**Q** 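Right, I'll just put the structure down here and ask away after.
Because the structure is a prediction, the values reported are computed rather than measured. Counting from 1, the numbers follow the sequence of the chain as shown. In listed order, ligands and their atoms are each counted from 1.
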Amino acid sequence: MTSNNTNFLLGLTTGIALCSAAFTVYAATVINNVVKDNNNFQTITATAAISSTAINDSTPSPETLERLSSMFAINSDKLNQIVRHFVSEMKKGLNSDKSGLLMIPSHVVNLPNGKEHGSFLALDLGGTNFRVCEVLLDGHSGARVRQSKHTVTDEQKALPGDQLFDFFAQCVTNFLIEGLASPITNPLAEIAKRHWRLGFTFSFATNQVAIAEGYLILWNKGFSNSGVIGANVVQLLEAALKRAGLASITVTALVNDTTGTLVSHAYVQPSTRVGVILGTGTNCAYVEKIENITKYKNVDPNVKEMLVNTEWGAFDDEQVIVPRNKYDVNVDRSMNGMGKYTFEKLISGMYLGEIVRFVLVDLVKTGEIFSAGASPELKMPHSFETAFMSRIERDHTLDLSDTRTVLENMLKISRTTLADRRLVKSLCELVGKRSARLSAAGIAAVVTKMNKLDGCTVGIDGSLFELYPHYSNRMRDALREILGLSAEYIVLEQARDGSGQGAALIAALAEK
Ligand code: BGC
C-alpha cells in the first residue's frame with residue numbers, strides 16, 4: 001500500500017514537472033512563428049494551424065475534438081433509422097438473395113438440450129488463428145476440450161487454396177499423433193483405426209446448401225487464397241485430409257462461428273436465441289421461423305425453426321443509411337474487397353486501429369497533433385493495432401503514461417504532449433464507441449425482427465466484447481436508447497468457444 005502511494009505521488013509530481021517543461025517549449029515555438037509572421041504569409045497560415053493544435057500542452061483543441069466527434073458520433077435518431085433499415089434488409093434477405101444481408105440458412109434446425117455426448121474433432125478457421133480441437137461432450141451440458149492453436153500468417157493467407165488446406169491437414173495430423181497414448185511406430189495406421197466425426201468452423205461468407213456442404217462466396221479478413229471462392233470447402237478439407245492419410249475423418253458439419261456460438265451458449269443457457277461475434281470480424285446468427293425463410297425450399301414439414309447466418313458485415317454495402325467519413329472510405333479502399341463488408345469495417349477488430357491510424361496521419365498533416373511529425377512506423381499500414389486502442393482506453397494515469405508508451409516506444413513518435421495523448425485517447429473512444437453502438441443497433445434489429453423484445457439471451461464471443469474496455473456497457477447504453485425499457489430484457493452474455501465446442505455440438509446435432 002505504502003509503496004503504491006509513493007509511486008502514485010512520484011507519478012504526479014513527475015507529471016507536473018513534465019507538463020510545465022513541455023509548456024515552455026510550446027510557448028517558444030509560437031513566439032518564433034509570430035516573429036516570422038511579419039514577413040511571410042505562409043508562415044502565418046502555418047502558425048494558425050499550429051496554434052489550433054491545443055489550448056496548451058495538456059488540453060487538445062476543442063475544435064479538433066468537435067470535428068472528430070461529428071465524424072464518428074452516431075446519435076439515437078440515426079441508430080433508430082439504422083435499425084429500421086436493418087430489419088427491412090433482413091426480410092429482403094430471407095426472401096431472396098437480393099439484399100446486402102445474405103441471411104444464409106445454416107441447416108441447423110435444433111438447439112442442444114444438454115444431453116449431447118460423444119467425442120468430436122472440431123477445426124476452427126477464424127481470422128487470425130487456426131485451431132484443432134478434440135471436444136468431449138459429457139451429456140450434462142459440460143465439455144472437455146484439448147486443442148492446438150496455430151497463427152495463420154499473411155503469407156499463408158495468400159497461398160493457393162490447396163496448400164492452405166494441406167497446412168490444416170498437417171496440423172490435424174500432428175494433433176492426433178500428440179494425442180496417442182504412447183509413441184507408436186505407425187501412428188497414422190493407429191489413427192485410421194478410429195472413425196472420427198468432425199465439425200468444421202469456417203468463419204467466412206459461405207453459401208451453405210446442406211449441413212456439410214458450403215461454397216465460399218468471398219474471402220475477407222485478409223485472406224485471398226486462390227481456388228477457394230465458389231468451391232465446396234468441405235470437399236477441399238476432406239481432399240486435404242485424404243492426401244495426409246487421414247481418410248477416416250468425416251466432416252459431418254460445416255459451421256459458421258456465429259451459429260457455433262449460438263449453439264454452444266444455448267448448451268449452457270437455454271434462453272439463447274442469438275449468437276454474435278465481435279472479434280477480428282463481426283457477424284450474427286439467430287433462430288428464425290422456417291416459414292419466414294421464404295427463399296428456402298425443400299422444407300421438411302417437421303422442421304419449425306432454423307438458425308440463419310445474417311453475415312451482417314455486409315449490411316448497407318449500398319451505403320444508404322450508415323454514416324461514413326473519409327477515414328472509413330480510406331480504410332475500405334486500402335483493404336482487399338473494396339466496397340464489401342463495409343459495416344464490418346466500421347465495427348471489427350481488424351479495422352478499428354487502422355481507422356485511428358488514418359485519422360492520426362491526417363492530424364499530423366494539419367498540424368493538430370505530434371509537433372515532431374509522424375514516425376515511419378505510424379505511416380505503415382496496420383501499425384496501429386486495435387489492441388493499442390484497448391490499452392489507451394484503459395489508461396487512467398494522470399499523464400496518460402501507458403498511452404505515451406504506445407505512442408513513443410511502440411510507434412516511435414519522438415515526443416508527445418499530454419494534449420496529444422488526450423486527443424489520441426478521445427479518438428480511440430470515438431472509434432470504439434461507434435463500433436459498440438453499431439453492433440448494438442444490429443442486435444436491436446435482430447431481436448425486433450424475431451419479436452423477442454420480451455426477452456432473450458444473446459451469446460457474444462470475440463476479443464472486442466471480451467477485452468475492449470467499456471465495450472459491453474456502451475452496447476447496453478445504445479440498446480437502451482433504441483429499445484427503451486425492453487432493452488432490460490435483452491441479456492448480453494459472454495459466450496465461450498463457440499467455434500470449438502459449438503462445432504462439436506452441431507456435428508452431434510447433425511446425427512440426431
Ligand atoms: C465473416 C463471417 C464471420 C465473421 C466473424 C466475417 O468476416 O464473413 O462469416 O462470422 O467474420 O468471424
**Q** Specify whether Tyr468 and Tyr471 have parallel, tilted or perpendicular ring planes, treating 30° as the upper limit for parallel and 60° as the lower limit for perpendicular.
**A** perpendicular
**Q** Do Asn283 and Asp257 have side-chain N/O donor and acceptor atoms under 3.5 Å apart?
**A** no
**Q** With a 4.0 Å cut-off, would you call Arg474 and Asp477 a salt bridge?
**A** no
**Q** Answer yes or no for Ala205: is there a heavy-atom contact with ligand 1 below 4.0 Å?
**A** yes
**Q** Considering only non-hydrogen protein atoms, determine which one is nearest to atom 6 (C) of ligand 1 and report residue, atom name and distance to 0.1 Å.
**A** Glu344 OE2, 3.0 Å
**Q** With nothing but distance in play, are any N or O atoms of Asn309 less than 3.5 Å from an N or O of ligand 1?
**A** no
**Q** Is the Phe130 ring parallel, tilted or perpendicular to the Phe167 ring (thresholds 30°, 60°)?
**A** tilted
**Q** Given that the side chain starts at C-beta and the backbone is N, CA, C, O, which of these parts of Thr282 lies under 4.0 Å from ligand 1, counting heavy atoms, or is it both or neither?
**A** backbone
**Q** In terms of atom number and element, which parts of ligand 1 are under 4.0 angstrom from non-hydrogen atoms of Tyr341?
**A** 8 (O)
**Q** Under 4.0 Å from a heavy atom of Ile277: which atoms of ligand 1 are those, numbered in the order shown and with their elements?
**A** 5 (C), 12 (O)
**Q** Identify the heavy atoms of Lys295 and Pro105 that sit nearest to each other, and give their distance.
**A** CE-CD, 4.1 Å
**Q** Select the closest option to atom 12 (O) of ligand 1 among Asn220, Thr128, Asp257, judged by heavy-atom distance.
**A** Asp257
**Q** Counting heavy atoms only, which of Ser203, Gly281, Gly313 comes nearest to atom 1 (C) of ligand 1?
**A** Ser203
**Q** Please verify the inter-ring angle class for Phe388 with Phe384; under 30° counts as parallel, over 60° as perpendicular, anything in between as tilted.
**A** perpendicular
**Q** Does a salt bridge link Lys92 with Glu318, judged by any charged N lying under 4.0 Å from a carboxylate O?
**A** no
**Q** Under 4.0 Å from a heavy atom of Glu311: give me the atoms of ligand 1 that qualify, with their elements.
**A** 1 (C), 2 (C), 8 (O), 9 (O)
**Q** Quick test: of every protein heavy atom, which one is nearest to atom 11 (O) of ligand 1, and how far off is it to 0.1 Å?
**A** Lys221 NZ, 2.9 Å
